[in-house]
Trainee: 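Quick one: the structure is below, and I'll ask about it shortly.
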Amino acid sequence: MKKSIMTAVLYVAVVLGGFAAYDEWVVEKQQVAAGNQHGSDPLHDVQSEVNVSVRAEQEEVVINLEDKAGNPVTELEINHEKILHLIMVDESLQKYDHVHPEQTEKGEFRVPHSLKEGSYKAFVDIKPKHLAYHVTPVPFTVGNPEAAEDHDHGLLPDSTLTRQVDGETVTLLMSSLQANEPVMLNFELDQTNLTPYLGAMGHVVILDEKAQHFLHVHPSNEKQPIFETRFSQPGIYKIWAEFKQNGKVRAFPFVVEIKGEK
């Protein structure tokens, strides 16, 4: 009887230990994946302590950063060679710009623009040193776009995930199209002329079709254009993959549909 009890106790201990080890492994995998990306997660957003405003002047886009008390935010960490990345898209997600404004005053940044008249969303990607922050869309307008104009064109998933820009061809291979599971984004391209851009072999920006949720993904390693991410919700997403080839940075756009969990 005692032997049976001891056997049962040992069995339970082994099972519990196995669950603990598996849980530790899952957490570790999630932490590694999270380290390669940042942005907004609709399921886990924290309260941001930075207020961001964006406006378009005649020749420049102006960004202002303030804390909750209205003081300029001045302490920012360098993030992939820049202290501020600005992503701008139009309402149809056809226009895409990734630029790096220069600081002109405390909490103020400016960058020249050649945007056409219309409505846009800005995504200000920063890493404040002592304040919580996550990227959210900041609407702004250029000129006086007509409010009555219908901009809801919608996105359709691409039938093929091969794009050509300026004679360079890139093909996207995805390990999964399911929500809430790790997804590898593997880009096939001519790597003989590929050089680092902002400290990495490429950058990937992902927006949902309403441009409400933003992800900025970096390569999983230093040598290959392979990225790991996770789509928290099903839906249509637009992916821009940026690579520097022959000294020029190009953005390759892809539209994919992520399915619900099986």
Side-chain angles (χ1 to χ4, degrees), residues 38-42 45-155 197-198 203-216 237-240 242 249 251 253:
H38 54 275
S40 60
D41 183 340
D45 276 347
V46 296
Q47 185 65 37
S48 182
E49 296 176 320
V50 179
N51 294 327
V52 178
S53 65
V54 178
R55 70 181 187 275
E57 296 184 348
Q58 188 171 356
E59 297 180 348
E60 293 180 312
V61 172
V62 184
I63 302 99
N64 289 100
L65 310 175
E66 294 182 345
D67 63 19
K68 292 300 182 181
N71 301 310
V73 174
T74 58
E75 296 188 66
L76 302 174
E77 294 183 15
I78 294 176
N79 175 25
H80 279 267
E81 300 185 354
K82 302 291 182 179
I83 61 172
L84 191 151
H85 298 260
L86 174 63
I87 309 297
M88 298 181 290
V89 297
D90 65 358
E91 288 195 326
S92 64
L93 300 187
Q94 298 305 307
K95 174 68 174 176
Y96 171 88
D97 276 333
H98 178 178
V99 295
H100 306 100
E102 296 292 334
Q103 185 168 355
T104 52
E105 296 180 21
K106 289 184 177 181
E108 181 180 281
F109 295 78
R110 292 174 176 264
V111 64
H113 81 83
S114 57
L115 300 173
K116 295 181 180 179
E117 187 173 84
S119 298
Y120 296 84
K121 287 182 179 177
F123 299 84
V124 178
D125 193 354
I126 55 173
K127 293 180 69 175
K129 288 186 178 180
H130 308 295
L131 299 171
Y133 178 74
H134 64 271
V135 183
T136 56
V138 182
F140 71 100
T141 58
V142 175
N144 298 294
E146 295 182 16
E149 187 177 347
D150 181 14
H151 295 285
D152 188 15
H153 305 294
L155 290 178
Y197 169 53
L198 298 175
H203 293 261
V204 167
V205 170
I206 303 173
L207 293 177
D208 68 304
E209 64 178 330
K210 298 298 183 183
Q212 292 298 311
H213 303 297
F214 165 93
L215 280 177
H216 187 172
Y237 291 84
K238 189 151 189 177
I239 300 170
W240 289 270
E242 301 178 21
V249 178

Trainee: Measure the spacing between OG1 of T141 and CZ of R55 and express it to the nearest 0.5 Å.
Mentor: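 Spacing of OG1 (T141) from CZ (R55) equals 12.0 Å.
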Trainee: For N51 and K68: C-alpha separation, side-chain torsions, deciding distance, then whether side chain to side chain contact (heavy atoms under 4.5 Å, CB included) applies.
Mentor: CA-CA 7 Å; N51 294 327; K68 292 300 182 181; 3.0 Å; yes
Trainee: Could you tell me whether a side-chain N or O of D67 sits under 3.5 Å from a main-chain N or O of V50, the two making a donor and an acceptor?
Mentor: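 The answer is no, because no donor-acceptor pair under 3.5 Å joins these two groups.
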Trainee: Is any side-chain heavy atom of L93 closer than 4.5 Å to one of L155?
Mentor: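 Yes - at least one pair of side-chain heavy atoms lies under 4.5 Å apart.
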Trainee: State, yes or no, whether a side-chain contact exists between L198 and K82 at a heavy-atom distance under 4.5 Å.
Mentor: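 Side-chain contact under 4.5 Å: yes.
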Trainee: Distance from L84 atom CG to D125 atom CG, nearest 0.5 Å?
Mentor: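 Rounded to the nearest 0.5 Å, the CG-CG separation comes out at 8.0 Å.
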Trainee: Between A132 and Q47, what is the shortest heavy-atom contact and its length?
Mentor: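 Answer, listing the atom of A132 first, then Q47: CB-O, 3.8 Å.
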Trainee: Counting N and O atoms only, with roles assigned by atom type, does the side chain of E242 sit under 3.5 Å from a partner on the main chain of A251, one being a donor and the other an acceptor?
Mentor: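 Not at all, since once roles are kept as given, no pair shorter than 3.5 Å links the two residues.
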Trainee: Would you call R110 and E60 a salt bridge, taking side-chain N to carboxylate O under 4.0 Å as the test?
Mentor: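 Salt bridge between R110 and E60, a charged N being under 4.0 Å from a carboxylate O: yes.
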Trainee: Using modelled atom types only, decide if a donor and an acceptor are shared between the side chain of K121 and the backbone of K210 within a distance under 3.5 Å.
Mentor: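 Yes; at least one donor-acceptor contact below 3.5 Å.
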Trainee: Could you state the interatomic distance from CD1 (I239) to CG (L215), rounded to the nearest 0.5 Å?
Mentor: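 Spacing of CD1 (I239) from CG (L215) equals 10.0 Å.
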Trainee: Please tell me whether H203 and H216 have a donor and an acceptor in their side chains that are separated by less than 3.5 angstrom.
Mentor: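 Yes, because at least one side-chain N or O of H203 sits under 3.5 Å from a partner of the opposite role on H216.
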Trainee: Determine whether P72 and E108 make a side-chain contact, defined as any pair of heavy atoms from C-beta on separated by less than 4.5 Å.
Mentor: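 Answer no - side chains too far apart.
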Trainee: Quick check: does any side chain N or O of H80 sit under 3.5 Å from a backbone N or O of H85, one acting as donor and the other as acceptor?
Mentor: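 It does not hold such a pair.
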Trainee: Okay, side chain of E117, backbone of N144: is any donor-acceptor separation there less than 3.5 Å?
Mentor: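 It does hold such a pair.
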Trainee: Is any side-chain heavy atom of K116 closer than 4.5 Å to one of V142?
Mentor: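 No, too far: nothing below the 4.5 Å cut-off.
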Trainee: List the atom of P139, the atom of P137, and the distance in Å for their closest heavy-atom pair.
Mentor: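 The answer is CD-O, 3.7 Å.
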Trainee: In a check of side chain to side chain contact (heavy atoms under 4.5 Å, CB included) between L207 and each of Y237, Y96, F123, which one passes?
Mentor: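 Single pass found, and it is F123.
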Trainee: Can you tell me if CD on E77 sees more than 12 non-hydrogen neighbours from other groups inside 6.0 Å?
Mentor: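 Enclosed: over 12 neighbouring heavy atoms sit under 6.0 Å from CD of E77.
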Trainee: Going from CD on E105 to OG1 on T74, what distance comes out if it is rounded to the nearest 0.5 angstrom?
Mentor: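 Those atoms lie 13.0 Å apart.
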Trainee: Is the shortest side-chain heavy-atom distance between K95 and L115 below 4.5 Å?
Mentor: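 With C-beta onward as the side chain, the pair touches.
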Trainee: I want to check something: taking the side chain as every heavy atom from C-beta on, are L76 and L65 in contact at a cut-off of under 4.5 Å?
Mentor: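 In contact.
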Trainee: Are H113 and E59 close enough that a side-chain donor and a side-chain acceptor fall under 3.5 Å?
Mentor: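 There is no such pair (donor and acceptor under 3.5 Å, judged by atom type) between the side chains of H113 and E59.
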Trainee: First locate atom OG of S53, then atom CZ of F140, and finally report the distance between them rounded to the nearest 0.5 Å.
Mentor: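 So the OG of S53 and the CZ of F140 are separated by 12.0 Å.
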Trainee: With side chain to side chain contact (heavy atoms under 4.5 Å, CB included) as the test, would you mind laying out the steps for E75 and H130 before giving the verdict?
Mentor: CA-CA 8 Å; E75 296 188 66; H130 308 295; 3.4 Å; yes
Trainee: Stepwise, does the side chain to side chain contact (heavy atoms under 4.5 Å, CB included) test hold for L86 with V111?
Mentor: CA-CA 9 Å; L86 174 63; V111 64; 4.1 Å; yes
Trainee: Quick one: does Q103's side chain get under 4.5 Å of F109's, heavy atoms only?
Mentor: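 Touching, per the 4.5 Å side-chain cut-off.
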Trainee: What distance do I126 atom CD1 and I78 atom CD1 have between them, rounded to the nearest 0.5 Å?
Mentor: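 Here the interatomic distance stands at 14.0 Å.
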Trainee: Name the one of V54, V61, D90 that satisfies side chain to side chain contact (heavy atoms under 4.5 Å, CB included) with Y120?
Mentor: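 It is D90, the one option of V54, V61, D90 that forms the side chain to side chain contact (heavy atoms under 4.5 Å, CB included) with Y120.
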Trainee: Testing the basics here: between L131 and E49, what is the closest heavy-atom pair and its distance to 0.1 Å?
Mentor: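 Answer, listing the atom of L131 first, then E49: CA-OE1, 3.2 Å.
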Trainee: Answer yes or no: is there a side-chain heavy-atom contact under 4.5 Å between I63 and V52?
Mentor: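 Yes, their side chains come closer than 4.5 Å.
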